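Reviewing the structure listed below.
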Amino acid sequence: MMKISKTNISQIKEVYIHDAEIGQIINNYRKSQLVISLKEHLINGGTRFSNLIFNEVVFYLVSDYDPWGSGIYVFSLSAETSDKYFDLLESKELNAVFGIDRIKKEENPDSYLGFNLLLNSGDKIIIGAKELEYEIVEEGNEVFKESY
């Protein structure tokens, strides 16, 4: 399992999930955790399952309008310091929903990262969290679902 946080943000480049299929996005509200299940298509023609586990999540935004056409595949994953995302959410209306002022006062906002998943559809998943865990899942233990 690989963990990405503020101290090793540059290692996000080692999480290569280009063309992985998005399965489920699971919000574990009690644990402040978001899990995105993936089915990765490997260069050798095989597949494997993995999870992106975001810990100490303070917000996430998911678009679902397919600006580039339909698609369920990851185009890219990136991470950066959270300032850009906190600034985005500081508008009066969004601050009321996400409580960014409270986070900035009670927490250390510098310890958060903004994670950005861009899908081949053009949709984005943006997550404000302290840590990302990338785990390869053994066959039979995956939470990936192709249909519901």
Side-chain angles (χ1 to χ4, degrees), residues 1-91 93-94 97-100 103 107-148:
M1 178 180 312
M2 179 185 295
K3 293 184 181 187
I4 308 293
S5 65
K6 181 86 175 213
T7 59
N8 65 345
I9 188 172
S10 64
Q11 288 186 337
I12 193 79
K13 295 172 187 155
E14 295 178 30
V15 180
Y16 184 78
I17 55 172
H18 179 74
D19 284 339
E21 292 179 52
I22 296 264
Q24 297 185 73
I25 300 173
I26 303 164
N27 178 10
N28 186 328
Y29 189 76
R30 290 180 185 219
K31 290 173 106 175
S32 297
Q33 188 177 71
L34 190 74
V35 178
I36 300 176
S37 65
L38 302 172
K39 180 179 182 181
E40 297 182 49
H41 301 278
L42 306 174
I43 294 171
N44 66 7
T47 59
R48 73 175 173 204
F49 295 95
S50 59
N51 293 322
L52 299 175
I53 303 167
F54 299 89
N55 294 310
E56 295 189 55
V57 173
V58 289
F59 68 85
Y60 65 96
L61 303 168
V62 180
S63 67
D64 192 4
Y65 65 97
D66 302 331
W68 300 342
S70 65
I72 56 168
Y73 299 95
V74 174
F75 180 76
S76 64
L77 169 66
S78 60
E80 57 189 275
T81 58
S82 59
D83 298 345
K84 171 183 171 182
Y85 296 105
F86 283 144
D87 290 347
L88 170 74
L89 296 174
E90 278 188 321
S91 72
E93 296 81 12
L94 290 177
V97 173
F98 291 103
I100 298 305
I103 293 167
E107 299 277 345
N108 178 3
D110 292 336
S111 64
Y112 288 90
L113 293 174
F115 295 94
N116 187 355
L117 275 150
L118 176 62
L119 306 184
N120 70 325
S121 64
D123 284 311
K124 291 183 180 180
I125 302 171
I126 299 170
I127 301 127
K130 284 193 177 179
E131 179 183 74
L132 164 64
E133 295 178 28
Y134 170 68
E135 74 171 355
I136 307 298
V137 181
E138 291 186 31
E139 194 168 334
N141 293 327
E142 65 271 0
V143 294
F144 183 89
K145 301 284 188 222
E146 291 185 21
S147 61
Y148 305 95

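These numbers were taken from a predicted model, which means no experiment stands behind them.
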Report the residues that fulfil side chain to side chain contact (heavy atoms under 4.5 Å, CB included) with [X], sequence neighbours left out, ordered by chain and then residue number.
X    : value
N120 : Y73
E131 : K3, N55, E133
S76  : L118

Once salt bridge (Lys or Arg N to Asp or Glu O under 4.0 Å) is applied, do any residues pair with E40, and if so which ones, sequence neighbours excluded? R48
H18: ring-ring contact (aromatic ring centres under 6.0 Å, His included) partners, not counting sequence neighbours: F75
Find out whether Q33 and V57 are in side-chain contact, i.e. whether some heavy atom of one side chain is under 4.5 Å from a heavy atom of the other. no
Side chain to side chain, V74 and I22, heavy atoms closer than 4.5 Å: yes
The criterion is side-chain hydrogen bond (donor to acceptor under 3.5 Å, both in side chains); which residues satisfy it with D19, sequence neighbours excluded? none
Keeping to residues at least two apart or across chains, list the ring-ring contact (aromatic ring centres under 6.0 Å, His included) pairs with something in residues 23-42. none
Pairs involving residues 61-72, ordered by first then second residue, that meet side chain to side chain donor-acceptor pair (under 3.5 Å) (sequence neighbours left out): S63-D123
Pairs under 3.5 angstrom only: tabulate donor-acceptor contacts from the side chains of residues 9-16 to other protein residues two or more places apart or in another chain.
| from | atom 1 | to | atom 2 | distance (Å) |
| --- | --- | --- | --- | --- |
| Q11 | OE1 | N8 | ND2 | 2.8 |

Do K39 and F49 meet the cation-pi criteria used here (NZ or CZ under 6.0 Å from the six-membered ring centre, within 45° of the axis)? no
Any chance you could measure I36, atom CD1, to I25, atom CD1, to the nearest 0.5 Å? 5.0 Å
